[in-house]
Amino acid sequence: MTINEDATQVPEADSRDTTEGRVYSVSGGDWDDVVADAAHDERMVINMGPQHPSTHGVLRLVLEMEGETVTQLRSVIGYLHTGIEKNCEYRTWTQGVTFVTRMDYLAPLSTEMAYCLGVEKLLQIEAPRRAQLLRVMLLEINRIGSHLVYIATGGMELGATTAMTLGFREREVVLHLLEHLTGLRMNHAFIRPGGLAQDMPEDYREKVTEFVQTMKERLPLYDKLFTGQPIWRNRLKGVGYLPVDACLALGVTGPVLRSAGLPWDLRKTEPYSCYEEFDFDVPVDNGADCWSRYLIRVHEMHESLKIIEQCLEKLEPGPVMVEDKKVAWPAQLSIGSDGMGNSLEHVKKIMGQSMESLIHHFKLVTEGFKVPAGQVYTSVESPRGELSAHLVSDGGTRPLRVHVREPSFVNLQSMPAMAEGGLVADVIAAIASIDPVMGGVDR
């Protein structure tokens with residue numbers, strides 16, 4: 001290929017020879033642009049992240065500062081990109097659950113719920129009542145665990161190390177319970193199209209009741225240690241201000257929106273999975289700052305306990321998966337004594353019934369079930385806000401397109417509005433109040 005002499009030549013990267021060979025120096029384009037903008041000025045440009053512990057692991061913030069004041073903030077994402085949505089298009093509808101649960105790894109059940117509601121809408125089926133109530137119970141247990149991580153990590157980032165110790169102590173109780181109920185501490189893949197992977201263990205009622213009592217005893221401690229603590233209050237009050245009109249303009253949802261005075265909670269406004277039957281409040285505040293978001297999340301944990309108790313009252317024996325044998329996999333399978341394979345009784349039944357039964361079982365597991373052509377958009381209220389799944393089917397055994405509206409991704413664009421004009425120390429408080437999970441942002 002011949003290059004015209006008039007063509008603009010791209011400058012080569014600077015290089016230097018070392019004992020190990022020639023080394024090239026290459027810098028990022030976005031960084032060069034920012035530094036060029038700030039040249040010959042009193043401003044200073046710094047990178048906060050992506051390795052900074054207070055930016056939730058893999059979020060990069062490019063801060064332009066005058067002294068201690070942030071004049072411009074740019075969020076740079078993509079350091080945890082996993083291609084989950086694209087991977088779903090190469091798996092069956094049931095296998096997709098195993099992928100989407102890994103987006104928001106602090107509230108995996110919420111993503112499973114949005115995805116499965118979409119698949120069920122395409123199939124025009126509805127999960128049995130017991131499955132719907134158990135879904136609500138698991139979602140609320142998961143919500144408590146997610147908010148505990150917010151308090152733990154947010155407190156630690158601001159220097160309140162006791163918050164970290166207490167928050168993770170309580171979250172461990174949540175994870176133990178979820179492991180007992182679903183078999184896994186995180187990334188459960190327990191909510192499946194048509195219902196649940198399996199029914200609850202026999203002692204689930206006692207375990208959940210014990211959990212509720214433990215949390216009722218321990219949650220007031222957070223009010224004593226933080227809500228009434230003047231240092232904690234002063235550190236959050238008036239920081240990260242984002243009024244309701246800015247929230248609506250940016251598409252912000254969840255506790256950040258409710259902290260600005262708008263009681264938008266999909267469990268109330270667009271209820272799903274029997275939520276309309278439950279008696280609970282939607283905490284709202286009008287401070288529109290980090291302090292209000294903290295109060296709302298603490299209050300929400302108390303409301304979640306109320307919902308869990310009501311679930312236990314409403315639950316009755318029944319199936320946890322639809323009766324349609326062409327969809328109901330793998331909930332109908334029995335687990336073997338090793339906890340992994342199928343039980344001998346199940347294998348004997350499948351092998352002994354008929355060749356057609358065996359072939360159907362094999363094809364259902366390997367190929368998956370067909371979903372009628374169409375597209376749906378389903379939403380749930382995750383701990384971080386409105387989480388939605390847009391699914392497109394061409395009538396095959398795997399999705400044509402999967403896209404998830406992740407609240408962390410949308411809410412993160414409010415960072416400049418919250419932080420610009422404030423101090424660099426308050427940037428940390430603002431990030432913590434959004435409570436972003438980067439697995440959901442990058443996907």
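Worth saying up front: this structure is predicted, and the values here are computed from it rather than measured.
- When side chains are defined from C-beta on, Leu61 counts as touching Ser75, because their heavy atoms get closer than 4.5 Å.
- Between the side chains of His147 and Glu300, at least one donor-acceptor pair of N or O atoms lies under 3.5 Å.
- Looking at every heavy atom in both residues, Asp394 comes nearest to Ala373 through C-CB, 3.8 Å.
- When the shell of 6.0 Å around CD of Gln124 is examined, it contains 12 or fewer heavy atoms from other residues, nucleotides or ligands.
- The pair Glu172-Arg185 meets the salt-bridge criterion, with a side-chain N (NZ, NE, NH1 or NH2) lying under 4.0 Å from an Asp/Glu carboxylate O.
- A salt bridge links Glu89 with Arg401: the closest approach of a Lys/Arg side-chain nitrogen to an acidic carboxylate oxygen falls below 4.0 angstrom.
- Looking only at side-chain heavy atoms (C-beta outward), Met200 and Leu138 come within less than 4.5 Å of each other.
- Counting heavy-atom neighbours within 6.0 Å of Tyr90 OH, excluding the residue itself, gives a total of 12 or less.
- For the atom pair CE of Met215 and CG of Leu177, the computed distance is 10.5 Å after rounding to the nearest 0.5 Å.
- Remark: the Trp264 side chain and the Glu386 side chain contain an N/O donor-acceptor pair separated by less than 3.5 Å.
- The shortest side-chain heavy-atom distance between Val404 and Ile84 does not fall under the 4.5 Å cut-off.
- Atoms CG and CG, from Asp435 and Asn411 in turn, are 9.5 Å apart once rounded to the nearest 0.5 Å.
- Screening Thr111, Leu109, Leu266, Leu117 against Val380 for a side chain to side chain contact (heavy atoms under 4.5 Å, CB included) leaves a single residue, Leu117.
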Can Leu305 and Leu219 be said to form a side-chain contact (heavy atoms from CB on, under 4.5 Å), step by step?
CA-CA 11 Å; Leu305 289 176; Leu219 279 181; 3.8 Å; yes
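- Residue Phe369 comes nearest to Leu123 through the heavy atom pair CE1-CD1, 3.9 Å, listed as atom of the first residue, atom of the second, then distance.
- For the pair Thr71 (side chain) and Glu64 (backbone), a donor-acceptor distance under 3.5 Å is present.
- Salt-bridge check for Arg192 with Glu120: failed, with every basic side-chain N at 4.0 Å or more from each acidic carboxylate O.
- The CD atom of Glu170 sits 12.0 Å away from atom CG of Leu175, with the distance rounded to the nearest 0.5 Å.
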Could you walk me through whether Arg205 and Leu315 pass side-chain contact (heavy atoms from CB on, under 4.5 Å), step by step?
CA-CA 10 Å; Arg205 196 174 286 273; Leu315 277 168; 3.9 Å; yes
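- For the pair Arg405 and Val410, the minimum side-chain heavy-atom distance is below 4.5 Å.
- The backbone N or O of Glu420 lies less than 3.5 Å from no partner atom in the side chain of Gln72, so there is not a single donor-acceptor pair.
- Between Asp426 and Arg235 a salt bridge is recorded (basic side-chain N to carboxylate O distance below 4.0 Å).
- Considering all non-hydrogen atoms of both residues, Arg143 and Tyr275 come closest at NH2-OH, 4.1 Å.
- Using modelled atom types and a 3.5 Å distance limit, the side chains of Arg60 and Tyr79 yield a donor-acceptor pair.
- The residues Arg293 and Asp285 are annotated as not salt-bridged, no charged nitrogen and carboxylate oxygen being separated by less than 4.0 angstrom.
- Using a cut-off of 4.0 Å between Lys/Arg side-chain N and Asp/Glu carboxylate O, Glu202 and Lys207 are scored as not salt-bridged.
- With hydrogens and angles left out, the side-chain atoms of Ser388 and Ser379 include a donor and acceptor closer than 3.5 Å.
- For the residue pair Asp289/Ser292, the side-chain donor-acceptor check at 3.5 Å is satisfied.
- By the 4.0 Å N-to-carboxylate-O rule, Arg129 lies close enough to Glu277 to be salt-bridged with it.
- For the pair Gly154 and Ala432, the tightest heavy-atom approach, listed with the atom from each and the gap, is CA-CB, 3.8 Å.
- Asp245 CG to Leu242 CG: the interatomic distance, rounded to the nearest 0.5 Å, is 8.5 Å.
- Counting heavy atoms from C-beta on, the side chains of Val376 and His390 never come closer than 4.5 Å.
- Side-chain atoms of Pro201 and Leu181, non-hydrogen and from C-beta on, do get closer than 4.5 Å to each other.
- Under 4.0 Å is where a charged nitrogen must lie from a carboxylate oxygen, and between Glu381 and Arg267 no such pair does.
- A cation-pi contact, defined as under 6.0 Å to the ring centre and within 45° of the axis, is absent between Lys268 and Phe278.
- The two residues Val256 and Ile434 have their closest heavy-atom pair at CG2-CA, 4.2 Å.
- At least one donor-acceptor pair closer than 3.5 Å links the side chain of Ser433 to the backbone N or O of Ala430.
- With hydrogens and angles ignored, the 3.5 Å screen pairs no side-chain donor or acceptor of Thr92 with any backbone N or O of Thr397.
- Judged by distance alone, the side chain of Gln132 and the main-chain N or O of Ala127 form a donor-acceptor pair under 3.5 Å.
- Surrounding CG of Leu184 are more than 12 heavy atoms belonging to other residues, nucleotides or ligands, all under 6.0 Å away.
- Residues Val97 and Cys116 have side chains in contact (heavy-atom distance under 4.5 Å, counting atoms from C-beta outward).
- Summarising the local packing, CZ of Phe211 is surrounded by more than 12 heavy atoms from other residues, nucleotides or ligands at distances under 6.0 Å.
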side-chain hydrogen bond (donor to acceptor under 3.5 Å, both in side chains) between Asn142 and His188, worked out
CA-CA 11 Å; Asn142 203 178; His188 313 274; 4.8 Å; no
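- Between Pro128 and Val320, the closest heavy-atom pair is CG-C, 4.1 Å.
- The aromatic rings of Tyr294 and Phe226 stand perpendicular to each other, their planes meeting at an angle above 60°, with 30° marking the opposite boundary.
- Electrostatic pairing of Arg384 and Asp104 counts as a salt bridge here, judged by a charged N lying under 4.0 Å from a carboxylate O.
- Formation of a donor-acceptor pair under 3.5 Å by the Thr69 side chain with backbone atoms of Met65 is not found in this model.
- Taken to the nearest 0.5 Å, the OG1 atom of Thr209 stands 9.0 Å off from the OH atom of Tyr204.
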Can you list the steps and then say if Tyr222 with Thr227 is a side-chain contact (heavy atoms from CB on, under 4.5 Å)?
CA-CA 7 Å; Tyr222 290 87; Thr227 310; 5.8 Å; no
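- For the atom pair OG1 of Thr162 and CE of Met156, the computed distance is 12.5 Å after rounding to the nearest 0.5 Å.
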Stepwise side-chain contact (heavy atoms from CB on, under 4.5 Å) test for Phe190 and Thr101:
CA-CA 9 Å; Phe190 191 73; Thr101 188; over 6 Å; no
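- Lys306 has no carboxylate O lying under 4.0 Å from a charged side-chain N of Glu309, or vice versa, which leaves the two without a salt bridge.
- Ile151 is listed as a side-chain neighbour of Met301, based on a closest heavy-atom distance under 4.5 Å.
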